Structures are given as C-alpha cells and as structure tokens.
Amino acid sequence: MNVCIIGAGYVGLVTGACFADLGNNVTCVDNDKKKIDALKKLKMPFFEEGLEDMVKRNVKAGRLSFTDSIKEGVKKSLVIFICVGTPPKQGGEADLSYVEKVATEIARNMSSYRLIVEKSTVPVETGKWVRETIKLNVRKKVKFDVASNPEFLREGTAIEDFLNPDRIVIGVGSKKAEKILKELYREIDTEIVVTDINSAELIKHASNSFLATKISFINSISNICERTGADITKVAHGMGLDSRIGESFLKSGVGYGGFCFPKDVDAFVHISGKLGYDFGILKAVRKVNEEQKALFVRKVEDALWIVKGKTIGVLGLSFKPNTDDMRSAPSIDIINSLKENGARIKAYDPHAMKKAHSVIKGVTFCRTAYDAARNSDALVILTEWHEFEVLDLVRVKKLMKNALIIDGRNVFDPVRMKKLGFKYISIGR
Ligand code: UGA
C-alpha cells in the first residue's frame, strides 16, 4: 500500500519505518527541512533502539523516502497519517494548529479518494474538525474518509511495541476506511478494536491518563510505606498479582515525565472541563506527580542537612531509561531545586547528555558514572539505566567523599547497600 506519514517525530518516524518494513511504500513528510536532509543521509533525529537499522534497510530497498513536500506525499499515497505534534498550550489545552494546517494542506493536494488518519494524540472530537477542515479546503469534489488510529508505542521499545501491540484501535466512519486500515495492519497478529472516531480518540487519552493514575497511586502508597516501615516493592508486587490490577506501572519513583503523560493528562483535564465535566481524579494525579519530585528534593536535603556548597552527583537525566529524551524529565525540576539550594551538580547519563546540555544549565556534565561519584557528598539516582545496576559499588564508595546514595528509582537492594557501608535512602522502603 502507498502510505504517507506527515510528521517525522517519534511516532511518525517509527510508524513510517515499521509500515515500510511490513512491505508498504512509505513517504515520510516533515516541514523541518534540516531533519529531512539529515534523514536522507540516514541520520536519525533521536535515539531509538533498532530504528536506524530499520530506516537504512527500507531506504535501501526503495520502500521508504523522505520529503518536505506534503503535496508529493499526498499525491503518491492512498492512506495519509497525521503524526504532527499536539503540544500543550498554556493552561494545558492541546495546541491543534499543526493538525489543522496539515489537514488544510492535505485537502488542497487531494485529487482522488484519500483516507486521512489521525495518529497524533488528540482530544476527543478532533476527527470531526479534521473532516470539516478538509471539506472546506478540498479543491474538487474528491471523496475522502477520516479515521482515528491512536498509537500506543513507548519510547525505548517503540519498534517492538509497534510490531507486537496489545491491540490496534481504529476509529472509523465508513466500511471502506475500516477495510483499508485492516488491510494495512494485516501482518500484525493482535486484536483490532473497531470503534467510532470519538471512542478511538478517547481510548488514547483514557489509556495514558489511567497509566499516569497508576503511577501517582503507587507513589502515594510509597509515602504511606515510608511512614510505616512497609516496603513499596512488596506492596506493589502483592497488589499487582491480582489480575484485575496487574503488576505493570506500579513502580514508585520520582514521578512520571516524558512528552506524553504530563501533556496528555493536562489536555484530558482541559477537554473534560470544556465538555462540562470536572475531572477531579486527574487533577489529583497531576498534583501527586508534582509533589513526588518536591518530596524527593526534601529527602536529599534531609540526608545532607546543609545542601549549600555540597557536591551532588546525579546519575540519570532522561525521563526514563533507553531513550535520550529529556522532555519533562523529572531530573530537570529536581536538579534546578537542588541548584537553587546552593548545591554543585555533577551529572551523568548514558545517552541523554547532548540533549541535557540544552535544558539544564550550570551543571558539570561527566563522562562516566564514576566521574559523577568522584568527590561527591551524595549520589542521586534519577533514571534506572541498566548501567547503574551493574556499577562497581566498592569503587563508587571509594570515590565518594561521603558514602550516601539517594535513589529515586529503587535500583539497589537496601540490604546489600547497608552491607557495603552506604547510607542508602530509596523510595517507599
Ligand atoms: C507512554 C505510554 O506508555 C505509551 O503507551 C504511549 O504510546 C506514549 O506514552 C505516547 O502517548 O506517545 P512513554 O512516554 O514513552 O509512553 O513512556 P512510559 O514508558 O509510559 O513512561 C512514562 C513515565 O512514567 C516515565 O517517566 C517513567 O519513568 C514513569 N513510570 C512508568 C513510573 O514512574 N513508574 C512505572 O511503573 C512506569
């Protein structure tokens, strides 16, 4: 099938590469000419396991190409995926101006039937507006369908998630659109949930918000654990074995980050309010997440007594492991608070250093975790990279001024840390 992907960001590029790998002819469009030029030279705009190889393989096979022209993409393709950003406006509302712009451009360049699919995370009823926009701008009497096909891939495991999803959701208004999308996904062995467009849009916002709720819930429980001497990892395990609850997304830490959960929870609260419903639970989820970062900073302060003038080594900057993404990473707020309190920060991350440079200022960036530990009064862990799990802790202890670790991701076993002679403080245990 001939497929056009508009927006070569995380979702767009992974989707494009995977559809090409499944044997389709894919044109990826982005208005960032620099990004397109780099992609043509097979340079990836971000780090994602396996993506570079997949892009190279499919470009070489002639199934994947890049352009900055929507016209070119629309002309060649039957199915057009809108994968542009829906960033938050002040107040949390999703900014849909890129979606509108792209829909207008698609309409102006359609000369025969096209299926336009929104893959970007959008508030419920966006599909209706996309349809109106296309109707308004289409030049000739061209038939078209609009559909919603939300994406559930996670950064770091994006390709695996795309090719082996728990489900595929397609929200359609016609049998023709349903048939085309089912055909496009026929190689993927999973349940296809077919709904109306509004329901599909809601499935995405509701799923991300529910996962964020699980995280804030377990972080709240971790605060009760700390007050009672209970162990959050055991509590979460015991809860998670109940198949109605499930073990995933019950890891307490310094709060959720990334470009999706914070933005989507905000947007969902906003659209709900607009529809006349006050989504109180989600407002609490957001509040708990903010507090969790502040509580962690207080932990560091309590452990050090005086923060001013102390050197703190920070391990992990990206919002989660296996990605270089720094967007809404909890590390940003936590490091800024510690800096405001007068701490000197030495930071290290296995992959996110380049991106961290532009969002965190006044920090010494180190070449290794051991460099960050050297002469520090405390070591703080903010992302659970595997590299940290296998650190030579005897060496770390020798390098540090003070054997103090405050672990925001529960990477180590407290009993082992005690044996090694560390003062070890973690979350909810
Ligand atoms: C999330 C969803 O998991 C994807 O299904 C969705 O497609 C994506 O958003 C999106 O809307 O594009 P992602 O942002 O890549 O994916 O990251 P997650 O793996 O979900 O983690 C989000 C945050 O929650 C991270 O900061 C992580 O550290 C935190 N988290 C996750 C916890 O604190 N505890 C957990 O148990 C799980």
Side-chain angles (χ1 to χ4, degrees), residues 7 9-15 18 46-49 83-88 94 118-123 149-162 164-169 201 203-222 232-233 235-237 239-240 245-268 285-286 288-290 292-293 296 316-334 349 352 381-385 407-411 426-428:
Y10 242 108
V11 169
L13 193 54
V14 171
T15 302
C18 289
F46 51 82
F47 168 76
E48 179 64 41
E49 197 74 56
C83 301
V84 294
T86 52
E118 25 164 72
K119 216 179 219 329
S120 310
T121 303
V122 290
N149 170 223
E151 186 47 61
F152 300 100
L153 58 82
R154 290 162 297 175
E155 291 181 20
T157 50
I159 290 176
E160 170 66 18
D161 288 347
F162 188 95
N164 297 296
D166 289 341
R167 78 300 204 189
I168 289 167
V169 173
E201 290 167 338
I203 288 171
K204 174 67 190 190
H205 256 171
S207 300
N208 272 8
S209 298
F210 189 76
L211 292 170
T213 304
K214 275 186 106 173
I215 298 169
S216 278
F217 188 86
I218 205 68
N219 281 337
S220 294
I221 303 288
S222 78
I232 190 63
T233 51
V235 174
H237 181 60
M239 284 169 65
I245 298 174
E247 277 197 82
S248 60
F249 280 73
L250 285 184
K251 255 168 58 197
S252 68
V254 287
Y256 60 76
F259 194 57
C260 301
F261 286 178
K263 149 179 101 67
D264 293 350
V265 168
D266 279 354
F268 204 18
V285 164
R286 195 163 60 179
V288 168
N289 199 54
E290 285 310 305
Q292 194 68 6
K293 290 182 264 186
F296 185 77
L317 298 169
S318 55
F319 82 97
K320 66 170 188 177
N322 305 322
T323 174
D324 62 350
D325 201 339
M326 284 297 298
R327 293 177 295 177
S328 296
S331 66
I332 301 172
D333 288 345
I334 292 170
D349 187 283
I381 302 176
L382 298 182
T383 318
E384 67 277 35
W385 285 94
D407 180 357
R409 297 292 186 177
N410 291 350
V411 169
S426 52
I427 304 281

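Residues: numbered from 1 along the sequence shown. Bear in mind that the values here come from a model prediction, so they are computed numbers and not experimental data. Each ligand, and each atom within it, is numbered from 1 in the order the structure gives.
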Engineer: Determine whether any heavy atom of C260 lies closer than 4.0 Å to an atom of ligand 1.
Structural biologist: yes

Engineer: Check contact between G253 and ligand 1, using heavy atoms of the residue and a distance below 4.0 angstrom.
Structural biologist: no

Engineer: Give the residue and atom name of whichever protein heavy atom lies nearest to atom 34 (N) of ligand 1, and the separation in Å to one decimal.
Structural biologist: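 The closest one turns out to be K251 O, 2.9 Å.
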
Engineer: What I want to find out is whether E118 reaches K204 closely enough, with some N-O distance under 4.0 Å, to be called a salt bridge.
Structural biologist: no

Engineer: Can you tell which part of F261 has a heavy atom less than 4.0 Å from ligand 1: side chain, backbone, both or neither?
Structural biologist: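 The answer is the side chain.
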
Engineer: Could you tell me if the side chain of V265 sits less than 4.5 Å from the side chain of N289, heavy atoms only?
Structural biologist: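 N289 does not reach V265 side chain to side chain.
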
Engineer: So for ligand 1, is F319 a polar contact partner (N or O within less than 3.5 Å, distance only)?
Structural biologist: yes

Engineer: When you look at CZ of F47, are more than 12 heavy atoms from neighbouring residues, nucleotides or ligands closer to it than 6.0 Å?
Structural biologist: yes

Engineer: Indicate, as side chain, backbone, both or neither, the part of R327 found under 4.0 angstrom from ligand 1 when only non-hydrogen atoms are considered.
Structural biologist: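 The answer is neither; R327 stays 4.0 Å or more away.
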
Engineer: Kindly confirm or rule out an N or O of N208 lying under 3.5 angstrom from an N or O of ligand 1.
Structural biologist: yes

Engineer: Backbone, side chain, both or neither: what part of L250 comes under 4.0 angstrom of ligand 1, heavy atoms only?
Structural biologist: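 L250 to ligand 1: backbone contact only, side chain stays beyond 4.0 Å.
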
Engineer: Would you check if I427 and R409 make a side-chain contact, meaning some heavy-atom pair closer than 4.5 Å?
Structural biologist: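 The answer is no; the side chains never approach within 4.5 Å.
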
Engineer: One residue to check: L153. Relative to ligand 1, which of side chain, backbone, both or neither has a non-hydrogen atom less than 4.0 Å away?
Structural biologist: backbone

Engineer: Which of the atoms in ligand 1, numbered in the order shown and given with their element, are less than 4.0 Å from a heavy-atom of E155?
Structural biologist: 15 (O)

Engineer: Could you tell me whether K320 and ligand 1 have an N or O pair separated by under 3.5 Å?
Structural biologist: yes

Engineer: At what distance is the nearest protein heavy atom to atom 30 (N) of ligand 1, and which residue and atom is it?
Structural biologist: I215 CD1, 3.4 Å

Engineer: Look at atom 37 (C) of ligand 1 and say which protein heavy atom is nearest, naming residue and atom and giving the distance to 0.1 Å.
Structural biologist: F249 CD2, 3.4 Å

Engineer: Could you tell me if the side chain of S216 sits less than 4.5 Å from the side chain of Y256, heavy atoms only?
Structural biologist: yes

Engineer: Report, as yes or no, whether the 6.0 Å neighbourhood of atom NZ on K251 holds more than 12 heavy atoms from other residues, nucleotides or ligands.
Structural biologist: no

Engineer: Does at least one non-hydrogen atom of R409 fall below 4.0 angstrom from an atom of ligand 1?
Structural biologist: yes

Engineer: What is the ring orientation for Y10 with F46, classed by angle as parallel under 30°, tilted 30 to 60°, or perpendicular over 60°?
Structural biologist: parallel

Engineer: What I want to know is whether K204 and ligand 1 share at least one N or O pair that is separated by under 3.5 angstrom.
Structural biologist: yes

Engineer: Is the CD atom of E247 crowded by more than 12 outside heavy atoms at less than 6.0 Å?
Structural biologist: yes

Engineer: Looking at ligand 1, does any of its N/O atoms fall within less than 3.5 Å of an N/O of G257?
Structural biologist: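 Yes, G257 has an N/O under 3.5 Å of an N/O on ligand 1.
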
Engineer: May I ask you to check if ligand 1 and R154 share an N or O to N or O distance below 3.5 Å?
Structural biologist: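 No, no N or O pair falls under 3.5 Å.
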
Engineer: To check you understand the geometry: which heavy-atom pair defines the closest contact between V254 and K293, and what is its length?
Structural biologist: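 Closest approach of V254 to K293: O-CG, 3.3 Å.
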
Engineer: CG of D349 to CH2 of W385: how many Å apart, nearest 0.5 Å?
Structural biologist: 5.5 Å

Engineer: Using modelled atom types only, decide if a donor and an acceptor are shared between the side chain of T86 and the backbone of V122 within a distance under 3.5 Å.
Structural biologist: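 Answer holds: no.
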
Engineer: Do F152 and ligand 1 have an N or O pair less than 3.5 Å apart?
Structural biologist: yes

